Amino acid sequence: MRSRSARLRGWYNSTGFWLLLMAPVLLVLAVLQFYPFLDTIRLGFTDASATPGTGKLVGLENFRFLTTDDPHFWLIVRNSFIWVIASVVLQLVIGTLAALVLNMNLRFRYLWRGLLMVPWVTPTVVVGLIWRWIFEGSQGGLANYTLQTLGVLDDPIVYLASNFWVWPVLLLASTWKGVPFVALLVLASLQGVSDELHEAAKVDGANRWQRFWAVTIPHLRPTLFAVGMISLVTTWFKFELIWALTKGGPGYATSILPTYVYTWAFERFKYGTAGAVATLAMMIILVVAGLYAWLLREKDEQHA
């Protein structure tokens with residue numbers, strides 16, 4: 001009995017106490033995250049809709065319909081990849097460059113660092129409305145007004161209804177919103193780069209560009225990997241910005257999987273099909289994130 005009591009006390013001291021502290025958080029996650037996640041998967045295997053009497057199991061019928069009969073699904077998957085890859089690459093490149101500039105000994109650099117965070121702390125819907133006003137298709141839009149005033153344009157461009165212009169506008173808005181997050185983490189990582197390493201490389205004859213690739217980039221690689229993974233996942237499910245700017249239009253030209261879930265669930269009221277779209281979106285991003293992590297690990301092992 002004593003040994004069992006001692007083992008229980010030992011387990012409580014090493015594990016049970018921390019589980020007790022984490023219990024409220026785990027309960028909230030279970031109710032607000034895991035249950036909706038599992039219920040969404042369940043809905044994907046049913047014919048649930050707003051019609052009374054629906055909700056019966058239909059197996060893989062929703063998935064078969066989306067992948068073989070739906071004329072828009074694969075276009076939307078392609079749009080999702082374009083959106084994610086272009087957004088993440090632009091955010092990483094521009095955010096890293098911004099961090100390098102803000103790491104220099106600039107005048108008022110703390111002011112510039114503070115101003116950099118304005119897009120990040122601005123609500124996403126507000127960001128969408130701001131950029132929608134800038135690229136409004138009428139003469140009242142800031143972009144059209146400015147270009148016409150300068151004599152660059154004769155007639156206003158309907159940016160958000162043009163298949164050619166709508167993607168650059170979306171990517172510009174997404175980059176403006178996401179760059180501060182990347183820049184903040186990269187800037188924090190740059191603070192840890194030892195000046196002695198740069199001095200040693202300089203003594204060995206390395207120029208500024210060589211020092212950047214041989215000293216700075218290897219130090220930033222773990223941060224860039226983590227930031228890239230976070231940006232990849234969050235951008236994949238970034239619904240608000242596209243919905244505030246285009247609502248997936250014109251047509252389905254800028255629809256991505258999260259907006260397609262909304263279309264099926266709250267415009268067509270086909271909850272089973274919406275659940276199937278959400279399930280496929282989760283499966284795709286898990287595969288993409290796994291491949292991303294594997295490729296980065298392989299590259300790190302080659303460098304090692």
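In what follows, residues are counted from 1 in the order of the sequence shown. What you see is a predicted model, and the numbers here were worked out from it, not measured in a lab.
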Residues that [X] engages under side chain to side chain donor-acceptor pair (under 3.5 Å), provided they are two or more places apart:
{"X": "Thr273", "value": "none"}
{"X": "Glu61", "value": "Arg64"}
{"X": "Trp264", "value": "Tyr260"}
{"X": "Thr46", "value": "none"}

Counterpart residues, side-chain contact (heavy atoms from CB on, under 4.5 Å), relative to [X] (two or more places apart):
{"X": "Thr149", "result": "Tyr145"}
{"X": "Ala143", "result": "Ile134, Phe135, Tyr159"}
{"X": "Pro119", "result": "Trp176, Pro180"}
{"X": "Thr122", "result": "Val118, Val126, Val127"}

> Of all residues at least two apart in sequence or in a different chain, which pass the ring-ring contact (aromatic ring centres under 6.0 Å, His included) check with Phe45?
Replying inline: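 Listed in chain order: Phe63.
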> Sequence neighbours excluded, which residues qualify as ring-ring contact (aromatic ring centres under 6.0 Å, His included) partners of His219?
Replying inline: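 For His219 there are no ring-ring contact (aromatic ring centres under 6.0 Å, His included) partners, ignoring immediate neighbours.
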>> Considering only residues two or more places apart or on different chains, which pairs with a residue in residues 227-247 satisfy ring-ring contact (aromatic ring centres under 6.0 Å, His included)?
In response: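 Non-adjacent pairs meeting ring-ring contact (aromatic ring centres under 6.0 Å, His included): Phe81-Trp236, Phe239-Trp243, Phe239-Tyr262, Trp243-Tyr262.
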> Ser231 side chain to Gly228 main-chain N or O, any donor-acceptor pair under 3.5 Å?
Replying inline: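 Not at all, since once roles are kept as given, no pair shorter than 3.5 Å links the two residues.
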> Are Met117 and Val186 linked, directly or through other ILVMFWY residues, by side chains that come within less than 4.5 angstrom of each other?
Replying inline: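 Yes, same cluster.
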>> Is there a path of hydrophobic side-chain contacts, each under 4.5 Å between heavy atoms of I/L/V/M/F/W/Y residues, joining Val158 to Leu153?
In response: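 Different clusters: Leu153 never reaches Val158 through Ile, Leu, Val, Met, Phe, Trp or Tyr contacts under 4.5 Å.
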> Of Leu245, Leu90, Leu241, Val88, which meets side chain to side chain contact (heavy atoms under 4.5 Å, CB included) against Ser174?
Replying inline: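 Going through Leu245, Leu90, Leu241, Val88 one by one, the side chain to side chain contact (heavy atoms under 4.5 Å, CB included) with Ser174 is satisfied by Leu241 alone.
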> Going by side-chain heavy atoms closer than 4.5 Å, which hydrophobic residues are tied to Leu129, directly or by a chain of links?
Replying inline: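 Grouped by the 4.5 Å side-chain rule, Val125 form the rest of the cluster around Leu129.
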